[in-house]
Amino acid sequence: MLLSLKKILARYALLNTATKYMFAAQFTLQGVHVAMFLLLNYYMVKQGFKDYETVEIWAYRFAAVMILAFPIGLYIKGRSVKPFFWIATILMPFASVFLIYAISVGWHGLMYASAILWGVAYACMQTCVQPFVLLNTKKELHSEAFSLSFLSFSSMIFVEGMIYFFLSRQFPNVIDEHNFLMAIGVLSVIGIYFVSKIDIEENISEKIPLRRILYDYDWPIIFKAIIPTILMAVGAGFSIPVINLFFLNVHGVESTNFSLMGSMTYMMVAIVMLFIPYIRRRFGYQVAVTLFQTAAVISLFIMSITEYFADREYALAIAIFFYLIRQPLMNCASPMASEVVVYYVGKRNQEIIAALNASIWNGSWLLSTSIFALLRRMEFRYVSIFLITVVLYVISIIWYWWLIRDYERKIHQQID
């Protein structure tokens with residue numbers, strides 16, 4: 001068992017140095033994103049904002065990524081992506097610090113502007129990670145590279161959740177949501193150093209002129225491949241950005257305890273994520289994607305319905321248990337779902353599919369969070385909103401199942 005673990009981990013060490021530094025820069029930006037994910041909603045509620053008002057900040061961030069990701073994906077075809085890593089790591093510290101300051105003084109204009117800058121930084125990084133990996137990493141290591149990319153979010157939640165939990169307990173008069181978010185924003189400047197260390201002559205894909213985008217991309221295949229992503233993204237937008245509000249308003253879980261919960265569950269995500277390339281090679285995409293996703297959706301359903309009996313003593317324990325299960329299962333399926341999609345569409349379409357993924361996720365979350373804010377204004381219960389996620393997830397899983405079967409059929413035909 002120990003030998004197998006060493007063998008699995010050794011494959012990550014085979015990634016080239018430039019790719020490792022690129023992931024280090026991505027980890028830094030995800031540090032800001034994770035801190036916001038864990039604490040921003042709590043901080044804004046304590047500052048007197050309503051839960052639907054906190055969602056509006058996320059909406060501006062999602063809108064920026066949605067608008068920029070697709071044009072960036074078109075532009076980088078046949079070009080170096082490193083300049084976008086520079087933009088991301090320079091913008092992120094300013095955006096995060098300005099956002100927290102604006103919230104503290106109630107300056108709405110600066111809040112929204114900072115959220116947009118945060119989205120710009122995020123778009124520049126996330127849109128370019130997959131193309132960089134696909135073009136500058138050996139194909140036999142793509143699964144490890146995809147997993148490492150997704151691992152940045154889960155590992156950061158574990159690290160920051162634990163740090164915030166213990167520091168806020170030890171120094172309650174010093175460490176609160178405001179100071180912690182400010183500190184993470186300032187520390188994110190280290191991402192600039194990691195980008196400066198990406199020393200590689202990038203492999204560049206064949207350039208497609210903008211006037212040829214309607215003809216030189218395989219749009220029918222692309223649209224067929226992105227349908228499950230759209231369904232999954234819209235569903236996720238109804239739950240993931242507001243899951244801490246569910247635990248706060250339904251079960252009374254404060255930010256310190258939620259940070260510990262997030263840390264624990266994403267520690268499990270990180271562990272399983274390391275093994276997911278091996279699981280994919282051993283059991284195939286259907287297990288690594290659709291089976292994991294199905295178990296995650298069942299867990300989300302059970303967690304959601306605890307609102308119906310939230311007054312019972314055991315309701316919180318059930319909600320936490322299935323939250324801890326749901327996160328590893330769904331998150332670990334994501335890198336292999338992304339991998340099968342980029343392989344399905346073929347080399348010519350891989351930059352554009354990466355851009356579309358970023359645009360779809362953020363555009364869908366913009367739509368979902370806007371609808372969430374409307375439904376909460378109408379006093380819809382969290383469980384009613386989360387069940388929308390469940391329905392969309394089920395349809396998405398069925399589509400992924402079909403997509404994987406179609407991809408595997410094409411591979412067998414090529415072999416024959």
Side-chain angles (χ1 to χ4, degrees), residues 25-68 85-126 153 156-157 159-161 163-165 167-168 170-195 241-242 244-245 248 254-256 258-259 262 362 365-366 369-370 373:
Q26 186 189 26
F27 271 58
T28 304
L29 266 67
Q30 287 287 23
V32 176
H33 183 58
V34 162
M36 299 291 189
F37 172 78
L38 288 173
L39 301 175
L40 183 64
N41 291 346
Y42 283 105
Y43 177 55
M44 292 188 68
V45 168
K46 289 185 177 180
Q47 291 296 113
F49 293 89
K50 302 293 184 183
D51 58 359
Y52 54 81
E53 291 178 307
T54 69
V55 170
E56 291 176 354
I57 292 298
W58 289 94
Y60 276 89
R61 179 264 196 205
F62 297 149
V65 181
M66 177 192 70
I67 293 169
L68 283 176
F85 296 151
W86 280 115
I87 295 171
T89 52
I90 292 170
L91 271 185
M92 185 60 78
F94 291 102
S96 54
V97 169
F98 288 160
L99 176 58
I100 302 308
Y101 170 75
I103 292 170
S104 68
V105 298
W107 189 350
H108 286 73
L110 183 58
M111 282 168 45
Y112 300 141
S114 300
I116 291 171
L117 285 179
W118 173 21
V120 171
Y122 200 75
C124 289
M125 176 61 73
Q126 294 304 104
F153 183 76
M156 274 297 178
I157 284 193
V159 172
E160 291 185 0
I163 291 174
Y164 180 74
F165 176 79
L167 289 182
S168 62
Q170 289 293 114
F171 310 101
N173 296 325
V174 177
I175 304 299
D176 56 13
E177 292 91 348
H178 174 274
N179 291 342
F180 190 81
L181 288 169
M182 274 290 192
I184 294 297
V186 172
L187 289 173
S188 67
V189 73
I190 196 175
I192 298 173
Y193 166 77
F194 292 129
V195 173
V242 296
N244 49 9
L245 294 175
L248 174 65
E254 294 292 338
S255 64
T256 301
F258 183 78
S259 294
N362 288 274
W365 281 29
L366 172 61
T369 51
S370 299

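Positions are given from 1, in the same order as the sequence printed here.
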How far apart are the closest heavy atoms of Gly185 and Ser96, and which atoms are they?
CA-OG, 3.2 Å

Please report the interatomic distance CD1(Ile87) to CG(Leu68), rounded to the nearest 0.5 Å.
9.5 Å

Quick one: sort the Trp58 and His33 rings into parallel, tilted or perpendicular, breaks at 30° and 60°.
perpendicular

Looking at Ile116 and Ala64, what are the two nearest heavy atoms and their distance?
O-CB, 3.4 Å

Would one find more than 12 heavy atoms of other residues, nucleotides or ligands at under 6.0 Å from atom CZ of Phe98?
no

Does any non-hydrogen side-chain atom of Trp86 lie less than 4.5 Å from one of Ile192?
yes

Plane angle bin for Tyr43 and His178 - parallel if under 30°, tilted between 30 and 60°, otherwise perpendicular:
tilted

Check whether Asn41 reaches the backbone of Leu245 with its side chain - one donor and one acceptor, N or O, closer than 3.5 Å.
no

What's the shortest heavy-atom distance between Gln126 and Gln30, and which atoms?
NE2-NE2, 4.1 Å

Using atom types as modelled and distance alone, determine if a side-chain donor or acceptor of Asn244 lies under 3.5 Å from a backbone N or O of Phe258.
no

Give, for atom OG1 of Thr89 and atom CZ of Phe85, the distance between the pair rounded to the nearest 0.5 Å.
9.5 Å

Atom OG in Ser188, atom CZ in Phe27: separation rounded to 0.5 Å?
15.5 Å

If you count every heavy atom of other residues, nucleotides or ligands that lies below 6.0 Å from Tyr112 atom OH, does the total exceed 12?
yes

Euclidean distance, Leu91 CG relative to Tyr122 OH, rounded to 0.5 Å
15.0 Å

Indicate yes or no: at least one non-hydrogen side-chain atom of Thr28 is less than 4.5 angstrom from one of Phe194.
yes

Nearest heavy-atom contact between Ile100 and Leu181 is CD1-CD1, 3.7 Å

Check the pair Tyr164 / Ile175 against side chain to side chain contact (heavy atoms under 4.5 Å, CB included), numbers first and verdict last.
CA-CA 8 Å; Tyr164 180 74; Ile175 304 299; 4.0 Å; yes

Taking the side chain as every heavy atom from C-beta outward, state whether Gln26 and Met156 have any atom pair closer than 4.5 Å.
no

The reported gap from CE in Met92 to CG in Leu29 (rounded to nearest 0.5 angstrom) is 4.0 Å

CD1/Ile57 to CH2/Trp118 distance, rounded to the nearest 0.5 angstrom?
8.5 Å

Working for side chain to side chain contact (heavy atoms under 4.5 Å, CB included), residues Phe49 and Met111
CA-CA 13 Å; Phe49 293 89; Met111 282 168 45; 4.0 Å; yes

Are any of the side-chain heavy atoms of Phe94 and Leu117 separated by less than 4.5 Å?
no

On a heavy-atom basis, which atom in Ala25 and which in Gly191 lie closest, and how many Å separate them?
CB-O, 4.1 Å

Minimum heavy-atom separation for Gln47 to Ile103, with atom names?
NE2-O, 3.9 Å

Check whether any side-chain N or O of Glu160 sits under 3.5 Å from a backbone N or O of Ala35 as a donor-acceptor pair, and report yes or no.
yes

